[in-house]
Amino acid sequence: VAAASTGAVFLGGLTTSCGGAGGEGEGYRLALIVGVTGDEFYTTMECGARAAAQKLGARLNVQGPEEFSPAAQTPILNAVVQSNPDAILIAPTDRTAMVGPIQSAVNQDIPVVLVDTTIEKEEIALARISSDNVDGGRMAGEALAEQIGGEGKVLLISVKPGISTTDQRKQGFEEAIKQYPDIEYLGTEYCNDDPTQAASITTSTLQAHPDLAGIFGANVFSGQGAGTGVRQAGKRDQVSVVAFDASPTQVEDLRRGNLDVLIAQHPNDIGRRGVQIAVRYLESGEEPENKQITTGFTTVTRDNLDDPEVERYLYRA
Ligand code: T6T
């Protein structure tokens with residue numbers, strides 16, 4: 001079996017707190033390639049994928065690069081393709097740079113399901129499962145506008161240009177705040193998925209604009225860094241921070257008042273649906289009627305964060 005001869009690929013895999021489900025069955029061999037390791041959004045997605053794989057008797061191998069970049073993700077995808085799995089689920093780290101490597105998988109007749117992020121040539125995938133990121137960005141813009149009473153200077157901190165999800169959040173956020181004539185948009189700064197950079201962007205923006213009113217952090221590490229920067233500057237009462245995602249650190253920051261609103265995605269559902277769609281296709285040979293599956297959001301605040309209906313969507317470590 002290809003898996004045995006390329007043990008590095010199929011014996012490895014990430015380990016999560018959700019247990020070792022979906023790895024031992026005799027059924028289909030699936031691979032999940034996340035955007036980056038050590039990001040609880042993807043850890044939680046992995047939990048959903050493992051639970052579904054276990055239920056359906058599929059084997060699931062999970063891989064990911066140590067940084068959110070196509071240069072780091074491409075060799076992992078290539079190695080997985082070499083091991084000839086029955087299907088691949090992948091969160092591509094760049095809209096354009098990952099088209100070629102994904103096309104190579106498709107050319108070898110390996111069905112590919114895009115989870116979370118997408119690529120320019122998305123029609124080559126069997127299906128896509130993601131949040132509606134434009135809408136989520138709009139929700140963040142509305143929430144931030146509400147937090148700051150519809151006026152003041154706001155900054156967006158994102159990861160880097162070229163990522164479908166965070167670019168769409170930026171689009172939605174900008175659409176939303178445009179409706180507020182008294183909000184002054186300072187533009188977008190990129191932190192390269194590094195919370196330390198996001199914190200120093202926050203510090204330097206506060207130096208240039210001591211009257212800064214709000215920040216939108218567009219993912220886990222952008223949000224965490226914004227929270228740290230605001231806390232270190234002692235400006236928690238002045239600066240409102242809305243962030244995408246709900247990692248344990250973000251939730252703790254919310255509790256402490258470093259962050260004010262979290263737009264939690266439902267990564268567990270993304271992983272679960274991804275595995276279900278792949279297995280259904282492998283069993284029936286029928287392509288899904290609906291190629292885009294959109295999962296939901298939960299808005300998390302200090303007031304509702306212990307509500308069980310909200311708590312179930314907080315990300316897993
Ligand atoms: O926000 C998620 C994910 O949706 C995005 O594509 C990349 O960043 C995260 O993984 C969170 O860090």
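Just the heavy atoms: all of them, side chains too, but no hydrogens, waters or symmetry mates, feed the values below. First listed ligand is number 1; within each ligand, the first listed atom is number 1. Here the structure is a predicted model, which is why all the values come from computation and not from measurement.
At a threshold of 4.5 Å between non-hydrogen side-chain atoms, the residues V113 and I129 count as touching. No side-chain heavy atom of Q265 sits under 4.5 Å from any side-chain heavy atom of T295.
Contact between Y42 and ligand 1 is present, with at least one heavy atom of the residue lying under 4.0 Å from the ligand. Not a single heavy atom of Q250 sits closer than 4.0 Å to an atom of ligand 1.
Among the atoms of D116, some N or O lies under 3.5 angstrom from an N or O of ligand 1. Note: an N/O pair closer than 3.5 Å links D245 and ligand 1 by distance alone. For a threshold of 3.5 Å applied to N or O pairs, the pair formed by T117 and ligand 1 contains no separation below that value. Among the atoms of F41, none of the N or O lies under 3.5 angstrom from an N or O of ligand 1.
Each of the following atoms of ligand 1 lies closer than 4.0 Å to a heavy atom of T165: 5 (C), 6 (O). Atoms of ligand 1 lying under 4.0 Å from any heavy atom of Q265, numbered from 1 in the order shown and given with element: 1 (O), 2 (C), 3 (C), 4 (O).
For the atom pair N133 CG and F297 CZ, the distance stands at 5.5 Å (nearest 0.5 Å). The CG atom of L156 sits 10.5 Å away from the CG atom of L186 when rounded to the nearest 0.5 Å.
Shown here is R302, whose CZ atom has more than 12 heavy atoms of other residues, nucleotides or ligands within 6.0 Å.
Judged by distance alone, the side chains of E122 and T118 do bring a donor and an acceptor atom under 3.5 Å apart.
Counting heavy atoms under 4.0 Å from ligand 1, residue V220 touches it through both backbone and side chain. Heavy atoms of R169 found under 4.0 angstrom from ligand 1 belong exclusively to the side chain.
Of the charged side-chain nitrogens involved, none lies within less than 4.0 Å of a carboxylate oxygen, so that K160 and D194 do not count as a salt-bridged pair.
Looking only at heavy atoms of the protein, atom 10 (O) of ligand 1 is closest to D39 OD2, 2.7 Å.
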